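As a basis for the values below, the full set of heavy atoms in this structure was taken, side chains included, without hydrogen atoms, waters or symmetry mates. By convention in this document, chain letters (A, B, ...) are assigned in the order of the sequence lines, proteins followed by strands, and residues within each chain are numbered from 1. Computed from a predicted structure; not experimentally measured.
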There are 2 protein chains.
Amino acid sequence: MKLSEGVEWTAHACLLLSILPPGVGLSAKALAEFHDLAPAYMAKHLQALKRAGIVETSKGPGGGYRLARDAAEVSLLDIVGAIDGNEAMFRCSEIRRKGPCISKQASFRAPCHIASAFGRADNAWRAELAATTIAQIAKRTAENSSETNRDDLVQWLSMKLGEPFTLSVRS
Amino acid sequence: MKLSEGVEWTAHACLLLSILPPGVGLSAKALAEFHDLAPAYMAKHLQALKRAGIVETSKGPGGGYRLARDAAEVSLLDIVGAIDGNEAMFRCSEIRRKGPCISKQASFRAPCHIASAFGRADNAWRAELAATTIAQIAKRTAENSSETNRDDLVQWLSMKLGEPFTLSVRS
DNA sequence: GTACCCCTACTCGGATAGCGAGTGTCCGAGTCGGAATGG
DNA sequence: CCATTCCGACTCGGACACTCGCTATCCGAGTAGGGGTAC
């Protein structure tokens with residue numbers, strides 16, 4: 001019952017990608033370096049994001065990963081689904097139908113109430129994640145960041161992109 | 001991000017224990033047999049329930065497992081905590097503090113908004129499970145069970161307990 | 001007949017193997033950009 | 001000076017080992033109850 005480590009990695013990666021100008025991307029190596037993570041492993045997770053249609057890729061020099069759609073259209077649930085899959089945490093194997101005291105005349109038209117309860121909990125969890133987008137997180141993070149941190153970020157991105165970079169608020 | 005199989009096993013086991021008269025228990029072997037499960041593995045999970053204080057045990061002939069408190073005081077969250085632990089699914093490792101563009105003057109007084117969002121989702125999930133008790137599930141299951149199923153259950157329990165057993169609604 | 005004792009069967013409880021998903025890494029396929037070259 | 005070609009470096013993408021936690025099992029510790037025996 002533990003979320004994959006890659007969820008945290010890719011969520012932060014998407015957060016970084018969301019502040020780039022449209023059409024501009026960053027390589028897996030750069031995205032890993034930014035948070036001091038293993039480059040190869042980060043690349044593996046980013047491939048999962050691409051398979052899910054969250055990011056697009058370009059090969060060759062100057063290529064890399066960029067968001068495939070607006071940051072307001074990328075939810076945390078999308079990222080979780082891309083990395084860990086969309087299966088429910090609780091998977092009912094209908095053990096109530098097994099056992100010695102189940103006769104052939106037994107009927108189970110009603111759903112298993114244990115599975116139903118876990119299903120409701122799962123829906124509540126997913127609803128909360130679906131309601132949180134990368135754009136929202138980026139906005140809140142920007143509002144709480146210090147001047148120093150912003151300057152360092154701008155300088156680092158300018159170096160990595162090979163062109164002057166300025167922070168701009170995107171919807 | 002998958003719940004342990006033992007959660008389903010022990011939830012159904014608690015459901016069965018909840019309809020027994022006070023002070024009466026069932027052995028791990030019988031609880032496993034009832035749903036056609038591996039006895040040794042079921043015993044392992046039941047030990048986890050005991051460590052969590054959900055069930056009590058008695059050794060020797062006639063002994064076994066019984067609920068340590070009223071079924072209305074046992075929630076699905078208690079069971080999940082006993083089997084899978086109480087740690088949050090998302091564990092923030094604060095990677096935002098790592099990396100080359102974090103200077104010594106950087107300040108992170110505000111919490112990580114990604115971790116906050118996952119924390120809210122976790123709380124929603126746990127709240128739903130905490131609000132569902134074994135007693136509620138037993139009540140709903142009883143209301144939806146057929147006459148045949150109830151008779152088979154009564155007969156099986158009478159045999160296992162070695163004394164006549166009758167179904168009674170408990171709060 | 002009664003009280004005591006022992007013994008057996010039954011139960012829990014922790015210690016011990018096996019396996020699969022997640023973790024971590026590497027090398028090949030493809031592509032863009034620029035340098036070199038010839039006109 | 002300009003167009004073309006070729007080469008190199010950079011990037012993604014999938015294929016390949018490794019580790020840890022869940023799965024699964026077994027055997028020893030402890031106990032209640034019943035049968036046997038002595039009084």
Side-chain angles (χ1 to χ4, degrees), chain A residues 1-10 13 17 23-33 36-66 68 80 82-85 87 89-91 93 95 160-163, chain B residues 1-10 13 17 23-33 36-66 68 80 82-85 87 89-91 93 95 160-163:
Chain A
M1 200 201 63
K2 190 186 59 168
L3 229 48
S4 169
E5 195 178 12
V7 172
E8 184 182 9
W9 292 20
T10 52
L17 290 180
V24 176
L26 276 175
S27 69
K29 185 180 175 185
L31 286 169
E33 178 188 347
D36 195 23
L37 304 171
Y41 198 21
M42 173 59 104
K44 184 185 182 68
H45 289 312
L46 288 172
Q47 286 165 30
L49 286 191
K50 180 201 162 104
R51 278 192 293 272
I54 297 174
V55 297
E56 295 172 338
T57 60
S58 299
K59 283 190 175 180
Y65 292 88
R66 62 185 178 276
V80 169
I83 302 297
D84 265 21
E87 293 180 6
M89 307 182 223
F90 182 87
R91 189 160 36 90
S93 54
I95 60 176
K160 281 295 164 186
L161 297 175
E163 60 185 63
Chain B
M1 202 201 57
K2 190 185 59 169
L3 230 47
S4 169
E5 195 178 13
V7 172
E8 183 182 10
W9 292 22
T10 52
L17 290 179
V24 176
L26 276 176
S27 70
K29 185 181 174 184
L31 285 169
E33 179 187 345
D36 195 23
L37 304 172
Y41 197 22
M42 172 60 102
K44 183 183 183 68
H45 288 313
L46 289 172
Q47 287 164 28
L49 287 191
K50 179 199 162 101
R51 278 191 293 271
I54 297 175
V55 297
E56 295 172 338
T57 59
S58 298
K59 282 190 176 181
Y65 291 89
R66 62 186 179 276
V80 169
I83 303 296
D84 265 21
E87 292 181 5
M89 306 181 226
F90 182 88
R91 188 160 38 88
S93 53
I95 60 176
K160 281 296 164 185
L161 297 175
E163 59 185 63

Let me know the distance between [atom1] of [X] and [atom2] of [N], rounded to the nearest Å.
X: B:Tyr41; N: D:dA24; atom1: OH; atom2: P; value: 6 Å
X: B:Ile83; N: D:dC22; atom1: CD1; atom2: P; value: 11 Å
X: B:Gln47; N: D:dC27; atom1: CD; atom2: P; value: 16 Å
X: A:Leu31; N: D:dC10; atom1: CG; atom2: C1'; value: 15 Å
X: A:Lys44; N: D:dA15; atom1: NZ; atom2: C1'; value: 9 Å
X: B:His45; N: D:dT25; atom1: NE2; atom2: P; value: 11 Å
X: B:Leu3; N: D:dG21; atom1: CG; atom2: C1'; value: 15 Å

Once you round to the nearest 0.5 Å, how far does [atom1] of [X] lie from [atom2] of [Y]?
X: A:Glu5; Y: A:Thr10; atom1: CD; atom2: OG1; value: 11.0 Å
X: B:Arg66; Y: B:Leu26; atom1: CZ; atom2: CG; value: 11.5 Å
X: A:Leu49; Y: A:Leu17; atom1: CG; atom2: CG; value: 9.0 Å
X: A:His45; Y: A:Met42; atom1: NE2; atom2: CE; value: 8.0 Å
X: B:Asp84; Y: A:Met89; atom1: CG; atom2: CE; value: 11.0 Å

For [X], report the nucleic acid contact type (base, sugar-phosphate, nothing); a contact means any heavy atom under 4.0 Å.
X: B:Ala40; result: base
X: A:Gly6; result: nothing
X: A:Ala28; result: sugar-phosphate

(request) Walking along DNA chain C from 5' to 3', note the first and the last nucleotide with an atom under 4.0 Å from a heavy atom of chain A, and give both. (result) C:dT23 to C:dC32
(request) Select from B:Thr57 and B:Lys2 the residue whose nearest nucleotide in DNA chain C is closer to the 5' end of that strand. (result)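 Whichever sits nearer the 5' end wins; that is B:Thr57.
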(message) With nearest nucleotide decided by heavy atoms, which residue, A:Trp9 or B:Gly62, maps closer to the 5′ end of DNA chain C?
(response) B:Gly62
(message) Does D:dC10 have OP1 or OP2 under 4.0 Å away from a side-chain N or O of A:Lys29?
(response)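 Result: no.
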(request) Check whether any side-chain nitrogen or oxygen of B:Ser4 sits under 4.0 Å from OP1 or OP2 of D:dT23, and answer yes or no. (result) yes
(request) Determine, stepwise, if the pair B:Lys2 / A:Glu87 fulfils side chain to side chain contact (heavy atoms under 4.5 Å, CB included). (result) CA-CA 8 Å; B:Lys2 190 185 59 169; A:Glu87 293 180 6; 5.8 Å; no
(message) Can you confirm whether B:Leu3 sits close enough to B:Ile83 that some side-chain heavy atom of one is under 4.5 Å from a side-chain heavy atom of the other?
(response) no
(request) Please determine, for the side chain of A:Lys59, which listed nucleotide (D:dA9, D:dG13, D:dT25) has the closest atom? (result) D:dG13
